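Structure record follows, encoded as structure tokens.
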Amino acid sequence: MQMSTDTDVNWQSEQTDETIDWRDRLHEGFVLRVYEPALIAWNDRRTQTGLVIVVLYLCMALVDLFGLWRDASTSQAPRMLGAFQNWSYPLGTTQSGVDVLALIIDSTPFILQMVLAGGVWATGVAVIVGTISGYKGGLTDSVITAISDFFMSIPGLPLVIVLGITLEPESPLVLGVILTINYWAGLGRSIRSQVLSIRNESYVEASRAMGTNTVRIIRKDILPNLMPYVLVNFVFAARYTIFAAVALYFLGVLPYTGQNWGITLNYAYNQGALFGLEAIHWLLAPIIAIVGLACGLILLSQGMDRIFNPRVRTRLTGESESVESTPEHTTEIR
Amino acid sequence: MGDDSNQTDFESVVSRRRVLSIAGTVGAMTLAGCSGDSGTSTADGNGDKTAESGVSSVSFVNAIANNPVDHHFNSAASQNFSWAAHRPLFAPFMKYSFTDNEFLLGALSDFQIDGTEVELTFRDDLKWEDGSDWTTDDFEVQLELAKKVENSLWGYLDGYEMNDEKTATLTLSGPTNPKIIKFELTNYFADTKVSTHEQWLDKSAEEYLQWAWEDPVATGFMKFVTKDQQAFEYERNPEFYNADNINFETYLLKYYEGNTPQHQALAAGDQVDAASSLFTPPNTAEQFPDHVVEVNIPAKWGYGIVFNHNDPDFGNRAVRQAIAHVINREELVKNAGPRTKYSTGTPCGIAPRDQEYWLADWLGDFETYGADSSQTDEATTLLEDAGYTKSSGTWQNSNGDVLGGNYYTPAGWTDWTALTNTVVDQLNQFGFDFQISSKPTQDWTGQFSNSNFKIGALYWLPGGSRSSFPYFPLYYQLWATDIGGGHNYREIAESEQTIPSRDGSEMTITPLEVTEKIAQQSSDDEARQFVQQAAWHNHIDLPFLGLVSKFEQSWVTSDEWTNAEKETTNRRVKWPPFWWPQQGELQYSG
């Protein structure tokens, strides 16, 4: 062990004989990163509900992938059956004799992939841009801010329509990216503001003083503080992706090659589902599917917020009693 | 010229591919009921009658789906012409009644054809709204402009002569069936005035086609007042030759964005009085009040399949015939609207309900390809004989390429979407591998015009009354004017083809030559043999695959307005809200 002198400060801890093998490290990591956050999140009913809903959609996607329910096809059933009239077609059928449940299930993998792509793209780019811009400052900040301003000034919807028609995206992943093509700009600006505040915190100063490189500081000191905000905005971006896709499919401006909830909604609307109750199941099924997924994601994000809430985590580890009476903080959902 | 069925009908305008593509798009949308000229008017006003004339101060409201601000009255224009806005303003030369299959005279008082000379006599009382006489000087300008934009009438004319102020003689370039000239003239209106149109005689066709005419001078039953974002507004034209038939003061073309808002307006019962052309699903129609009356007129237009004949697979006759065998046409009708659609007996390029008349004793020999069944055994045999094999449930050619690809279809055409879904499902279940590619209308036709496709949905009849005469649909399928010949069949049509004959042996035929002979015969009986030959070739080689046709749905109301009686001549003339008032069949009775 290196000996310190009276004038030098030794930052190293004392060496012990105790050794930690990889199993212990793995266990510790699991407890710290998975078990405890999961425990905290699960204590919240919103997380439970959100998780159940999202898992339900994942199950629907699996049902489609493994072919456990019939594929949607015309003339596969009696035409215009109402919901719950025939349990072979629980959600009813369309004018063309398509099983509505099959339509919903068929669309689920497409929608989930699109939502994931939209969320990851929007928040990923925003986080990168926002943190670099906010932390580095100076010329880097100016350039990134100027680029963000440019993207923020482009009207989103017309841009998406033009890109959709030009690129004719068939992949849900590409479509998700196109739908949130300039969503990152506004979010990036918000993240930059938060980083500007965090970068002056004492622990960040300390990291800098120790000569820690920028990437590590951003990864270890700044990003964890942003995570609640990022996660919540991931859900917002995902929800925006669903709504944007459905709206544009409904309006018929996006080219399509398969089924999805927006197209189903469009068919139902144009076949007169607004008139009378005969076709109402055809209209309601995709609406419920859309709203259900959006609600599930929002509830999940609210619950996830607790994972990153230091007060809640402290309470779990029993390190502070003072927080007992503190009202729980949750991120407000707009 | 304003087309009887769709203003920018393809053959009738210009030959340039781009312009035709646009024209085809607009025309197609019109025919599909997507352009939304549906009119409903509630009787606005107090209904008082003026003492002298007996005219009530009420408005007839007809719904449209074209924003008035974006549309104008130049019927030759390639873009943004509103055929509905044009109709109340100008007297048609003649109309076609689907009730009696006869031509009805409008601005014309007589039509005579003798050899290669056609004598047109116009009404003495045909006047412009300012009281001046419509004369053959106006007609001369109209013909010159039609020549400039290569209107299809000039495909039959060598020249013309104006005999006096009300009579003109057209000189035909050769023997021509009178019906062809009559059908061409159903696309003509007294809408060209020397003082407003002669300025374009010295200018290029492109400039004329781009002219947005905003201050029309009327010869029809209404004259233009104003337009805004909500409506075109017209008032009664006392100079109209049948002005006595018009007993209401104003006519509104009210703008609704899309079909569903028009459905809602009709369902409300008191918001509109008519909708000229509006596809309405059965369950929606059931919600309309009793006084909303549906008038079904054969559209002579409908859903079919266009093939790219340069494609190594879909240019193969056996593949096209296999597709025809697989598709169950009755199933298409059931899925997309049994009330208004009907399947074709045999896909031979002739409108479904005209086949029996024209094919006569040949009809029994035509292959039907199974109108109400999916004949997969026949299709399998055809493909196997042509060297295709089925692997893992999918048909492949000798190179291992899958038989399939993008199937192009227009976005937003409700009934077509259901038809496309059914067709693609049936074909894929048989072993093709198609993906539906839905595109905005302009892009959809552009895909065909640029020959950038293998197969897709396209109307197989040109539409309108003229489709009753087989020459027009047969020629349309060979030449595909609307898509600039993008199906690559023109070269085939002009060359000698060998096909199986009726007795099982082989016969040779030059399809275009035979089709053009139809137009040159002076009577149906003389034309029939050429119709039969051309249709026989068509149903063997399938330039297009005709699947279904439809009734045009026109809506009027009977609570405050009179309607033409069922089975009367005027009942089934396109379009009732524009033709009936001229004939005194639609009057205010509130």
Side-chain angles (χ1 to χ4, degrees), chain A residues 70-82 92-99 102-103 106 110 161-162 164-171 248-260 262-283, chain B residues 34 257-261 263-264 266-268 279-288 328 330-338 374 405-429 434-444 446-447:
Chain A
R70 66 176 76 90
D71 286 336
S73 171
T74 52
S75 309
Q76 66 184 177
R79 296 177 182 84
M80 276 306 211
L81 273 181
T93 62
T94 71
Q95 178 79 45
S96 304
V98 183
D99 177 10
L103 274 176
D106 267 4
F110 180 95
I161 293 172
V162 168
I165 291 171
T166 308
L167 301 177
E168 299 178 16
E170 291 184 8
S171 160
L248 293 176
Y249 277 121
F250 179 76
L251 292 173
V253 294
L254 279 183
Y256 67 88
T257 55
Q259 285 290 346
N260 67 56
I263 295 167
T264 305
L265 205 56
N266 179 294
Y267 291 175
Y269 173 76
N270 284 312
Q271 290 290 343
L274 285 180
F275 295 90
L277 296 174
E278 190 187 8
I280 196 71
H281 61 283
W282 191 2
L283 196 65
Chain B
C34 297
E257 193 170 359
N259 285 3
T260 301
H263 293 149
Q264 289 167 331
L266 281 171
F279 170 69
T280 307
N283 54 319
T284 303
E286 285 167 13
Q287 306 301 320
F288 292 167
N328 179 339
E330 280 301 318
E331 199 68 24
L332 299 184
V333 170
K334 286 175 190 165
N335 283 351
S374 195
N406 279 334
Y407 185 100
Y408 294 103
T409 193
W413 292 22
T414 316
D415 48 344
W416 277 49
T417 303
L419 290 163
T420 290
N421 287 340
T422 309
V423 164
V424 169
D425 280 346
Q426 290 180 359
L427 293 175
N428 286 352
Q429 280 163 16
F434 289 113
Q435 299 86 42
I436 295 171
S437 179
S438 166
K439 287 179 171 293
T441 308
Q442 195 89 18
D443 296 340
W444 163 64
Q447 208 77 34

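What you are looking at is a predicted structure, and each value in this text was computed from that prediction instead of being measured.
Residue Q426(B) does not touch chain A at all, counting heavy-atom pairs closer than 4.5 Å.
The shortest distance between side-chain heavy atoms of K334(B) and S96(A) does not fall below 4.5 Å. Contact of the S75(A) side chain with the D425(B) side chain is not registered, since no non-hydrogen atoms from C-beta on lie closer than 4.5 Å.
From I263(A), atom CD1 reaches atom OG1 of T417(B) across 9.5 Å, with rounding to the nearest 0.5 Å. Here the OG1 atom belonging to T284(B) is positioned 8.5 Å from the CG atom belonging to L274(A), to the nearest 0.5 angstrom. Distance check: Q95(A) CD to D415(B) CG gives 11.0 Å after rounding to the nearest 0.5 Å.
Put simply, of R79(A), M80(A), E278(A), the one with the most heavy-atom pairs under 4.5 Å next to chain B is R79(A).
Using modelled atom types and a 3.5 Å distance limit, the side chains of E331(B) and T74(A) yield no donor-acceptor pair.
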